[in-house]
Amino acid sequence: MSRLDQSFFARDTVTVARSLLGQVLVHESAEGRAAGRIVEAEAYSGWDDRASHGHRGRTPRNAVMFGPVGFSYVYFIYGRYWMLNVIAKPPGVEYPAAVLLRALEPLSGLELMANRRSGRPQKEWTSGPGRLTLALGIDETHNQLDLTAADSPLYFEDGGSTDSLQINSGPRVGLGTVPEPWKSRPWRFWIADNAYVSRG
DNA sequence: ATGTTGATTGGCT
DNA sequence: GCCAATCAACATT
């Protein structure tokens, strides 16, 4: 298995969000290695996307969204949870964009994940954006890392052929007061009938 | 300086 | 199904 490189992320943001399904997210920490298959992701793209942190322009928090592809954007939300994104957009553009990883299917490091998720059932380990960062031990120290670097402890592995995957799409989750048409953009993708998708 | 809100989750009714 | 938790970022004063 090989690491996904910059060419994977240097494409249309929505295409990358869809293409990440079936790929594998790996985190190697001092506690051990944990990995999961990506089963749900969302695209946030462009100056005009009112759902995106980037739409008001560059700030200290979202600066990485304006930078090179393949980098991580990790932010804190609701006073509790870390959200993991990866920057993806075509070559040569300067608009803000990122893909939010919303759910994984646990593959390896199951004991480690069980410990990090303190006695919860396996279905709840990684079935949500806040849950998966807890299960993999991802926090603010993982912001702004080059996930395509050969020595990065956090990276994506090629998950093999995704031709047979049945992929569904729909509006992004949790947008609340975001106006139309952005609120309804079908920029959320998930693997059909997968038990670890945050919402079927 | 102060007020509001949020790309969520888990516990309780 | 509903709502509190909990705080940094950002907007407004």
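Basis for what follows: all heavy atoms, side chains included, without hydrogens, waters or symmetry-related copies. Quick note on labels: first sequence line is chain A, next is B, and so on, each numbered from 1.
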Which listed nucleotide ([options]) is nearest to the side chain of [X]?
{"X": "A/Y81", "options": "C/dC7, B/dA7, B/dT8", "answer": "B/dT8"}
{"X": "A/R131", "options": "C/dC7, C/dC10, B/dG10", "answer": "B/dG10"}
{"X": "A/F76", "options": "C/dC7, B/dG6, C/dT6", "answer": "C/dC7"}
{"X": "A/M65", "options": "B/dT9, C/dA11, B/dA7", "answer": "B/dA7"}
{"X": "A/R120", "options": "B/dG11, B/dT8, C/dA5", "answer": "B/dG11"}

Counting the atoms with a prime plus P, OP1 and OP2 as sugar-phosphate, which does [X] contact under 4.0 Å by heavy atoms, base, sugar-phosphate, or nothing?
{"X": "A/R117", "value": "sugar-phosphate"}
{"X": "A/T177", "value": "sugar-phosphate"}
{"X": "A/R172", "value": "nothing"}

Exercise for the section: Answer with yes or no whether A/R61 presents, from its side chain, a donor or acceptor under 3.5 Å of a partner atom in the base of C/dA9. Expected result: no

Exercise for the section: State whether the distance check finds a donor on one side and an acceptor on the other, under 3.5 Å, for side chain A/Y75 versus base C/dA8. Expected result: no

Output yes when at least one side-chain N/O atom of [X] is less than 4.0 Å from OP1 or OP2 of [N], else no.
{"X": "A/H53", "N": "B/dA7", "answer": "yes"}
{"X": "A/R56", "N": "C/dA11", "answer": "yes"}
{"X": "A/R102", "N": "B/dT8", "answer": "yes"}
{"X": "A/T59", "N": "C/dC10", "answer": "yes"}

Problem - Base-pairing assignment for C/dA4 (Watson-Crick or G-U wobble, both under 3.5 Å) - result: B/dT9

Donor-acceptor contact below 3.5 Å, side chain [X] vs main chain [Y]:
{"X": "A/S72", "Y": "A/V74", "result": "no"}
{"X": "A/R131", "Y": "A/T126", "result": "no"}
{"X": "A/N85", "Y": "A/Y73", "result": "yes"}
{"X": "A/R33", "Y": "A/V26", "result": "no"}

Problem - Aromatic ring proximity A/W82/A/F76, centre distance under 6.0 Å - result: yes

Let me know the distance between [atom1] of [X] and [atom2] of [N], rounded to the nearest Å.
{"X": "A/M83", "N": "B/dT8", "atom1": "CE", "atom2": "P", "answer": "6 Å"}
{"X": "A/R199", "N": "B/dG10", "atom1": "CZ", "atom2": "P", "answer": "13 Å"}
{"X": "A/L134", "N": "B/dG10", "atom1": "CG", "atom2": "C1'", "answer": "12 Å"}
{"X": "A/E124", "N": "B/dG10", "atom1": "CD", "atom2": "P", "answer": "6 Å"}
{"X": "A/L100", "N": "B/dT9", "atom1": "CG", "atom2": "P", "answer": "10 Å"}

Exercise for the section: Only one of A/L4, A/I87, A/L147 passes side-chain contact (heavy atoms from CB on, under 4.5 Å) with A/F9; say which it is. Expected result: A/L4

Problem - Centroid distance under 5.5 Å and plane angle under 30°, A/Y44 vs B/dA7 - result: yes

Exercise for the section: Please measure how far the C1' atom in C/dG1 lies from the corresponding atom in B/dA7, and state the result in whole Å. Expected result: 22 Å

